[in-house]
Number of protein chains: 2
Amino acid sequence: MSATIKSVAEHAGVSIKTVSRVINNEGTVKPDTLAKVQAAIDELNYKPNKAARDLAGRDNYVLGYVYDNPNAYYIIDMQKGILNECRANGYELLIHPCDASSRDIIQEILGMVDSARLAGLILSPPLSEMPEVLSALDDKGVRYVRILSGSEALENSPPCVLVNDFQAAYQITEHLIQQGHRDIGFIAGEKQHNSTIERQKGFAAALAAHDLPQHPEFVIEGTYSFGTGVESIEKLLTLPKKPSAVFACNDEIAAGALFGARMRGVDVPETLAIAGFENSPFSRQTFPPLTTASQPTDQIAQRATSTLIQSLKARKLGNDKQTIPAHVFVPELVVRESTNRS
Amino acid sequence: MSATIKSVAEHAGVSIKTVSRVINNEGTVKPDTLAKVQAAIDELNYKPNKAARDLAGRDNYVLGYVYDNPNAYYIIDMQKGILNECRANGYELLIHPCDASSRDIIQEILGMVDSARLAGLILSPPLSEMPEVLSALDDKGVRYVRILSGSEALENSPPCVLVNDFQAAYQITEHLIQQGHRDIGFIAGEKQHNSTIERQKGFAAALAAHDLPQHPEFVIEGTYSFGTGVESIEKLLTLPKKPSAVFACNDEIAAGALFGARMRGVDVPETLAIAGFENSPFSRQTFPPLTTASQPTDQIAQRATSTLIQSLKARKLGNDKQTIPAHVFVPELVVRESTNRS
DNA sequence: AGAAGGAATGACAACGCTGTCATTTGACTC
DNA sequence: GAGTCAAATGACAGCGTTGTCATTCCTTCT
């Protein structure tokens with residue numbers, strides 16, 4: 001059906017191998033030969049057969065994105081960013097949603113890497129933070145890049161991209177303080193997630209920096225879900241001394257908190273200010289819209305992918321020991337009506 | 001690294017080809033040979049190399065999902081359903097978000113099919129409703145399954161799975177009428193989408209069936225977006241005669257309408273009832289939660305995928321002319337507080 | 001017991017590409 | 001103008017599977 005490398009070679013009057021060199025940008029082809037080959041490729045509308053490349057070559061142009069995250073907006077943005085970078089570099093993407101709490105999650109991932117001969121994996125939280133998964137991948141020699149919460153990568157760690165949740169949470173909290181709030185509640189996501197930990201640290205640090213007391217009873221543990229928001233606000237608003245503002249660990253919790261406040265007839269932001277985190281689309285669609293921290297998920301994903309591809313290339317060229325510096329993203333404060341008592 | 005078919009063959013004391021027969025369930029293997037081979041496969045933890053299969057075989061175990069849809073929840077559910085079926089049948093999935101309005105969308109899709117040697121494509125709206133895309137695929141002989149709005153498939157059409165938007169919209173409208181509403185607004189999505197057309201027809205049919213007048217000024221055209229909801233409600237609420245209920249073409253529009261109503265201080269559902277469509281997660285997360293029609297997106301996707309795989313098998317066996325009957329899904333009415341003036 | 005014929009199995013080429021290594025080309029030196 | 005050497009190109013095997021066709025093994029029938 002479609003043109004093969006052989007037909008291109010004949011068309012251009014060169015050997016198959018030379019065409020292969022052109023396709024792979026090996027750089028050792030004379031300019032006019034290159035032009036001839038390019039012309040033939042264009043004319044025949046030739047596309048390399050991925051299966052054949054994968055089979056013949058050492059390296060395989062397929063990346064995998066493994067995730068367990070109920071947040072549809074996050075996943076879609078991740079996919080978008082990854083795909084952008086994949087397309088630019090001739091890679092394909094296999095997606096693999098999974099259940100991180102499943103007993104044989106490791107076998108599942110390893111099996112997938114094996115059967116699809118993946119070149120590398122992109123890992124986002126919570127999978128990127130599970131030591132047993134990482135060490136299984138290390139043992140097998142599977143390349144991967146991690147996206148995770150933090151501000152500094154460990155020495156000699158596998159490549160990663162960081163999101164500075166601490167700083168962003170600090171800023172959000174500081175914004176609430178500047179609005180005059182002194183009693184600020186905190187609603188946490190899953191407490192084993194780094195993002196939760198970092199955000200809570202940022203929150204506490206901002207309070208401390210402004211000499212405000214920490215109220216343990218103002219900190220509610222939960223999950224990254226709407227339901228947690230609803231329930232937590234219930235708890236906070238029935239306290240003898242109530243907070244006047246709440247920082248929710250993500251927008252979904254914040255939306256739940258907003259819902260809960262409304263059910264109890266509490267006005268937002270007049271009586272209670274609510275801030276979220278993530279800048280997901282619905283932070284703009286609640287009433288009132290949510291103050292939040294904007295996390296450029298697609299850019300983070302794209303950066304992670306380019307980092308992975310870079311590390312793959314480094315390995316191919318043999319300089320495997322080279323460490324790729326981790327890029328750090330800092331989510332930006334976005335102020336909207338939910339905290340704006342003007 | 002990983003075991004090859006050859007090692008399995010040696011381990012089991014049979015030929016490579018026999019192992020291949022086992023892997024592919026060809027059924028012409030004696031039970032005890034089969035058991036021996038299976039044991040060897042399990043013991044060596046052998047996984048067939050996809051690239052090699054794709055290269056050697058006629059058929060390729062990779063499906064593609066091409067979509068252009070801003071609705072993250074919809075896409076994630078689609079992916080989930082497709083992947084379920086893919087895994088059950090040993091297929092891989094390549095996802096390809098794209099811009100349906102792009103000039104060379106057809107070349108883009110064809111190129112993707114070519115270079116990844118896709119076995120078949122899954123198409124959801126709006127791509128599944130674009131004649132130029134479909135005929136390009138037909139010309140190229142690319143197999144695909146469509147998901148689209150309707151209640152009956154055309155004769156001899158390529159395989160598809162239908163969603164009966166008409167009937168669901170009829171039910172929602174009837175529900176509003178039963179709540180005592182006589183002046184009901186309608187906010188449409190993109191008017192070229194079949195789903196919009198069918199939902200509007202269902203709406204009109206229900207009004208007619210209950211001898212209610214059609215108010216053209218109550219019908220607002222827009223897009224499937226939050227913004228449309230906000231703007232449309234503005235238009236409807238400034239009419240000399242206002243509707244007492246609104247049927248929005250999807251949940252996102254409905255959420256926007258709710259937002260708009262709230263901005264104008266209009267109580268929902270007391271003064272204005274609002275219904276959406278889709279049962280996306282945030283229809284449960286607005287205040288008050290939205291009445292809607294539940295569309296089992298992941299099941300629809302799974303069904304579409306199994307239909308595609310079935311049609312692929314049929315072609316392989318030569319009985320290509322066999323038409324696979326289209327399955328019809330009817331979204332179910334879900335009543336929540338946004339229309340419930342009790 | 002031998003023939004016949006279908007079921008089960010195997011040998012081998014082929015799929016389209018890349019890696020290795022050999023060969024050719026051409027620029028430069030003396 | 002012959003010699004040198006790097007750059008450019010090519011010939012060929014091999015990646016792990018499946019398709020084709022040949023072969024072997026049974027079962028059944030005469």
Side-chain angles (χ1 to χ4, degrees), chain A residues 1-37 40-41 44-62 90 92 114-117 119 312-313 316-318, chain B residues 1-37 40-41 44-62 90 92 114-117 119 312-313 316-318:
Chain A
M1 187 102 301
S2 168
T4 73
I5 199 172
K6 197 175 159 205
S7 65
V8 174
E10 284 164 3
H11 201 85
V14 298
S15 76
I16 290 180
K17 183 68 219 192
T18 299
V19 178
S20 169
R21 289 191 177 98
V22 172
I23 299 168
N24 293 289
N25 275 313
E26 292 186 22
T28 57
V29 180
K30 268 203 299 192
D32 53 340
T33 317
L34 197 148
K36 254 193 321 191
V37 173
I41 288 178
L44 299 177
N45 188 26
Y46 165 74
K47 310 256 191 252
N49 180 323
K50 234 184 48 53
R53 296 182 92 179
D54 288 353
L55 183 57
R58 284 205 209 301
D59 29 62
N60 189 322
Y61 294 87
V62 187
E92 300 284 3
D114 252 29
S115 80
R117 258 68 179 178
L312 256 22
K313 278 196 188 133
K316 195 178 172 186
L317 299 176
Chain B
M1 185 104 301
S2 168
T4 72
I5 199 173
K6 196 175 160 205
S7 65
V8 174
E10 283 163 4
H11 202 87
V14 298
S15 77
I16 290 179
K17 183 68 217 192
T18 299
V19 178
S20 168
R21 287 192 176 98
V22 172
I23 299 167
N24 294 289
N25 275 314
E26 292 186 22
T28 57
V29 179
K30 268 204 297 192
D32 52 342
T33 318
L34 197 146
K36 253 192 320 189
V37 174
I41 289 177
L44 299 177
N45 188 26
Y46 165 73
K47 309 256 191 257
N49 180 321
K50 232 183 47 55
R53 297 182 91 178
D54 288 352
L55 182 57
R58 283 207 210 303
D59 29 62
N60 189 322
Y61 293 87
V62 186
E92 300 285 3
D114 252 27
S115 79
R117 256 69 179 178
L312 254 22
K313 278 197 189 130
K316 194 178 172 185
L317 298 176

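Every value quoted in this text rests on a predicted model; they were computed, and no experiment measured them. In what follows, chains carry the letters A, B, and so on, assigned in the order in which the sequence lines appear, proteins first and then strands, with residues in each chain numbered from 1.
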May I have the distance from A:Leu34 (atom CG) to D:dA7 (atom P), rounded to whole angstrom? 17 Å
Answer yes or no: is there a side-chain heavy-atom contact under 4.5 Å between B:Arg53 and B:Ile23? yes
Does OP1 or OP2 of C:dG10 have a side-chain N or O of B:Thr18 closer than 4.0 Å? yes
Is any side-chain heavy atom of B:Val37 less than 4.5 Å from a side-chain heavy atom of B:Arg21? no
Taking only the side-chain nitrogens and oxygens of A:Thr33, find out if one of them lies under 4.0 Å from OP1 or OP2 of D:dT9. yes
Heavy atoms only, 4.0 Å cut-off, all strands: where does A:Lys17 land among base, sugar-phosphate and nothing? base
For B:Asp32 and D:dC25, what is the distance between atoms CG and C1' respectively, to the nearest whole Å? 13 Å
Show the nearest heavy-atom pair for residues B:Val19 and B:Ala9, with the distance to one decimal. CG2-CA, 3.7 Å
A:Thr28 side chain near D:dA8 phosphate (N/O to OP1/OP2, under 4.0 Å): no
Confirm from the modelled atom types if B:Arg21 and C:dG10 form a donor-acceptor pair under 3.5 Å, side chain to base only. yes
Quick check: closest heavy atoms across A:Ala52 and B:Leu55, and the distance to 0.1 Å? CB-CD1, 3.8 Å
Quick one, B:Asn49 and B:Thr4 - any side-chain contact, counting heavy atoms below 4.5 Å? no
To the nearest angstrom, how far is B:Tyr61 atom OH from D:dG16 atom C1'? 15 Å
Considering only heavy atoms from C-beta outward, does the side chain of A:Lys50 approach that of B:Asp54 to under 4.5 Å? no
Pairwise N/O distances under 3.5 Å, protein to nucleotides 14-17 of chain C:
residue : atom : partner : partner atom : Å
C:dC15  : O2   : B:Ala56 : N            : 3.3
C:dC17  : OP1  : A:Tyr46 : OH           : 2.5
C:dC17  : OP1  : A:Asn49 : N            : 3.2
C:dC17  : OP2  : A:Ile5  : N            : 2.4

